[in-house]
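Heads up, the thing below is written out as structure tokens.
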Amino acid sequence: MYSLLLALIYLAFISLGLPDSLLGSGWPAMHGDLGVPVSYMGIVTVIISGGTVISSLLSNKVTKKFGTNKVTVISVFLTAFALFGFSFSDRFWMLVVFAVPYGLGAGAVDAALNNYVALHYKARHMNWLHCFWGVGTIISPFIMSYALASSVWNNGYRIVGYIQLGITLLLLISLPVWKKRDGAAMLEPKNNAPSSALKIKGVPLLLIGFFAYSAAEATAMGWSSTYFAEVKGIPAQQAAQYASLFYIGITVSRFVSGFVSDRLGDKKMINAGTAILCCGIILLLIPAGDTVAVIGFIVIGLGCGPVYPCIIHSTPNNFGAENSGAIIGIEMASAYTGSTFMPPLYGLLGRLLGFDILPFFLAALVILTIVMIELTFRSAAKNKSIKKSEAGRDIR
């Protein structure tokens with residue numbers, strides 16, 4: 001029963017990843033058919049991300065009332081409904097409408113399952129959970145590429161919609177398997193007021209760093225296909241295939257990180273990830289053929305792999321377990337803000353200055369990430385040293 005439930009949770013996270021890379025891989029063809037500029041993808045992503053933020057904030061209350069199992073089923077069904085809506089859209093405003101349930105479904109299942117796994121399973125399963133999200137993001141660009149080669153982009157959304165509907169039915173049938181108590185996962189720890197957490201020294205630095213990292217990851221994720229099409233002149237079908245390379249990199253990296261992160265520690269994993277990320281950006285700056293750019297996006301994905309989970313995992317150690325609940329909550333808010341607003345900003349700048357500014361845009365965000373995270377760890381170490389010194393004086 002334990003293994004079966006874990007398999008269902010992994011399957012649900014695959015379903016979470018499937019829609020995430022679909023828009024970016026299909027947009028080079030979609031914007032032309034819909035008669036809108038390339039940069040309009042930013043409008044859709046903002047609405048999807050906004051729905052994700054709202055449902056994530058409401059997830060705690062909703063999950064307490066209905067349970068993780070029912071929230072998961074409803075959320076996956078919402079994304080399936082939105083994907084079918086996208087598949088029938090022949091006007092841009094229709095994408096805008098269906099982007100709302102698209103985001104609401106994704107945010108609810110993300111927050112609910114992360115909380116459930118954190119409560120009932122070991123840490124390695126949390127790492128591999130996000131690896132399975134990557135599996136979903138790898139699959140959908142190939143589906144979109146197949147759709148573009150054989151028919152139109154609408155069929156790419158329709159195929160993924162049928163997959164999501166199938167996962168929904170499987171999760172619905174398996175509801176009795178969820179016998180663990182969902183409500184316990186939603187209990188809030190003490191000292192969890194966001195306002196008090198913001199006053200802890202080092203937390204504002206962490207939020208800026210997490211904002212910058214999430215912005216870089218989301219920009220690379222959402223605009224890679226457009227970069228290949230607009231900058232490298234690659235056909236939309238092939239660009240959609242190349243877009244999956246970033247997701248392959250990040251998925252492989254997170255799988256491997258699950259085996260080594262306990263031994264190396266969070267800080268070393270973050271440092272290694274950002275260093276690899278910088279190498280990938282440098283490859284994009286080299287004025288060479290398509291192959292170098294392809295390798296660059298793979299390397300960027302490899303570098304991104306450990307950063308997100310290790311920043312979250314380091315929070316209790318840096319700021320204390322009694323504060324981690326509140327801090328992780330505002331971390332997620334900061335991450336969603338970065339991933340919501342910065343990719344559209346790149347879209348606007350790309351339209352004005354050219355989409356070849358992508359490596360410079362990513363470099364600025366990654367440098368900000370490195371500086372802020374390093375300052376966070378130093379500040380946290382200083383805080384712990386002061387507390388230890390004060391405790392020693394109290395004993396004397």
**Request:** Give the minimum heavy-atom separation between Gly305 and Arg254, together with the two atoms involved.
**Result:** O-NE, 2.9 Å
**Asked** Given side chains that start at C-beta, do those of Tyr102 and Leu83 come closer than 4.5 Å, heavy atoms only?
**Response** yes
**Asked** Do Met372 and Tyr213 come close enough that some side-chain heavy atom pair is under 4.5 Å?
**Response** no
**Asked** Do Leu23 and Tyr146 share a hydrophobic cluster (ILVMFWY, side-chain heavy atoms under 4.5 Å, transitive)?
**Response** yes
**Item:** Over 12 foreign heavy atoms within 6.0 Å of CZ, Phe360
**Value:** no
**Message:** Would you compute the distance between atom CG of Asn69 and atom CD1 of Ile9 and round it to the nearest 0.5 angstrom?
**Reply:** 10.5 Å
**Request:** Taking all non-hydrogen atoms of both residues into account, name the closest pair between Thr168 and Val73 and its distance.
**Result:** CG2-O, 3.9 Å
**Request:** Output the distance between atom CD1 (Ile281) and atom CG (Leu362), rounded to the nearest 0.5 Å.
**Result:** 5.0 Å
**Message:** Please tell me whether Phe77 and Ile167 are part of a single hydrophobic cluster in this structure, the criterion being side-chain heavy atoms less than 4.5 Å apart.
**Reply:** no
**Complete:** Closest non-hydrogen atoms of Leu148 and Ala29, given as atom of the first, atom of the second and distance, are CD2-CB, 3.6 Å
**Phe98 and Val44: CA distance, side-chain angles, deciding distance, side-chain contact (heavy atoms from CB on, under 4.5 Å) verdict** = CA-CA 9 Å; Phe98 287 108; Val44 182; over 6 Å; no
**Message:** I'd like to check Glu217 versus Ile250 (side-chain heavy atoms, cut-off strictly below 4.5 Å). Are they in contact?
**Reply:** yes
**Asked** Is any side-chain heavy atom of Trp153 closer than 4.5 Å to a side-chain heavy atom of Leu34?
**Response** yes
**Under 3.5 Å: donor-acceptor pair, side chain of Tyr157, backbone of Pro19** = no
**Prompt:** Aromatic rings Phe210 and Tyr308: how do their planes relate, parallel, tilted or perpendicular, breaks at 30° and 60°?
**Reply:** tilted
**Message:** Quick check on Tyr10: does its OH atom have over 12 non-hydrogen neighbours (other residues, nucleotides or ligands) under 6.0 Å away?
**Reply:** yes
**Ser214 side chain to Phe211 backbone, donor-acceptor under 3.5 Å** = no
**Request:** Drop me the distance from Ile208's CD1 to Thr369's OG1, to the nearest 0.5 angstrom.
**Result:** 11.0 Å
**Candidate pair Glu374 and Arg378, rule side-chain contact (heavy atoms from CB on, under 4.5 Å), full reasoning** = CA-CA 6 Å; Glu374 178 63 28; Arg378 291 186 182 184; 3.0 Å; yes
**Request:** Show which residues join Ile282 in its hydrophobic cluster (side-chain heavy-atom contacts under 4.5 Å, direct or indirect), or state none.
**Result:** none
**Request:** On the 0 to 90° scale, with breaks at 30° and 60°, tag the Trp27-Phe92 ring pair as parallel, tilted or perpendicular.
**Result:** perpendicular
**Request:** Using a 4.5 Å cut-off on heavy atoms from C-beta on, say whether the side chain of Met30 contacts that of Leu95.
**Result:** yes
**Request:** Drop me the distance from Ser225's OG to Glu230's CD, to the nearest 0.5 angstrom.
**Result:** 9.5 Å
**Request:** Say whether Ile286 and Leu245 are linked into one hydrophobic cluster, either directly or through other cluster members, by side-chain heavy-atom distances under 4.5 angstrom.
**Result:** yes
**Prompt:** Phe88, Ile48: one ILVMFWY side-chain cluster at the under-4.5 Å cut-off?
**Reply:** no
**Test log, rule side-chain contact (heavy atoms from CB on, under 4.5 Å), inputs Ile248 and Ile298** = CA-CA 7 Å; Ile248 292 173; Ile298 295 174; 6.0 Å; no
**Message:** If you define the side chain from C-beta out and look only at heavy atoms, does anything of Cys278 sit under 4.5 Å from Ile370?
**Reply:** yes
**Prompt:** Do Leu345 and Phe361 come close enough that some side-chain heavy atom pair is under 4.5 Å?
**Reply:** yes
**Item:** Least distance between heavy atoms, Ser89 atom then Met94 atom
**Value:** OG-CB, 3.4 Å
**Fill in**
Nearest heavy-atom approach of Phe355 to Tyr346 is O-OH, 2.6 Å
**Request:** Evaluate the ring planes of Tyr162 and Phe84, with Trp represented by its six-membered ring, and classify them as parallel (under 30°), tilted (30 to 60°) or perpendicular (over 60°).
**Result:** perpendicular
**Between CG on residue Leu348 and CG on residue Leu353, distance to nearest 0.5 Å** = 8.5 Å
**Prompt:** Applying the side-chain contact (heavy atoms from CB on, under 4.5 Å) test to Phe377, which of Leu206, Ile270, Leu205 qualifies?
**Reply:** Ile270
**Request:** Apply side-chain contact (heavy atoms from CB on, under 4.5 Å) to the pair Met144 and Leu22, showing each step before the final yes or no.
**Result:** CA-CA 7 Å; Met144 180 58 73; Leu22 206 55; 4.0 Å; yes
**Prompt:** Are the side chain of Ser253 and the backbone N or O of Gly249 linked by a donor-acceptor pair below 3.5 Å?
**Reply:** no
**Item:** Ser379 side chain vs Thr376 backbone, donor-acceptor pair below 3.5 Å
**Value:** no
**Request:** Would you please classify the geometry between the Phe228 ring and the Phe297 ring as parallel, tilted or perpendicular, with 30° and 60° separating the classes?
**Result:** tilted
**Message:** Membership question, hydrophobic clusters at under 4.5 Å side-chain separation (ILVMFWY): are Ile14 and Leu6 in the same one?
**Reply:** yes
**Asked** What are the two closest heavy atoms between Tyr227 and Leu284, and how far apart are they?
**Response** OH-O, 3.9 Å
**Message:** In the structure I gave you, are the side-chain heavy atoms of Ile143 and Ile163 within less than 4.5 Å of one another anywhere?
**Reply:** yes
**Any donor-acceptor pair under 3.5 Å from Ser49 side chain to Val46 backbone** = no
**Request:** For the pair Ser15 (side chain) and Ala12 (backbone), establish whether a donor and an acceptor sit closer than 3.5 Å, ignoring hydrogens and angles.
**Result:** yes
**Prompt:** Which value, rounded to the nearest 0.5 Å, describes the distance between Ile276 atom CD1 and Asn271 atom CG?
**Reply:** 11.0 Å
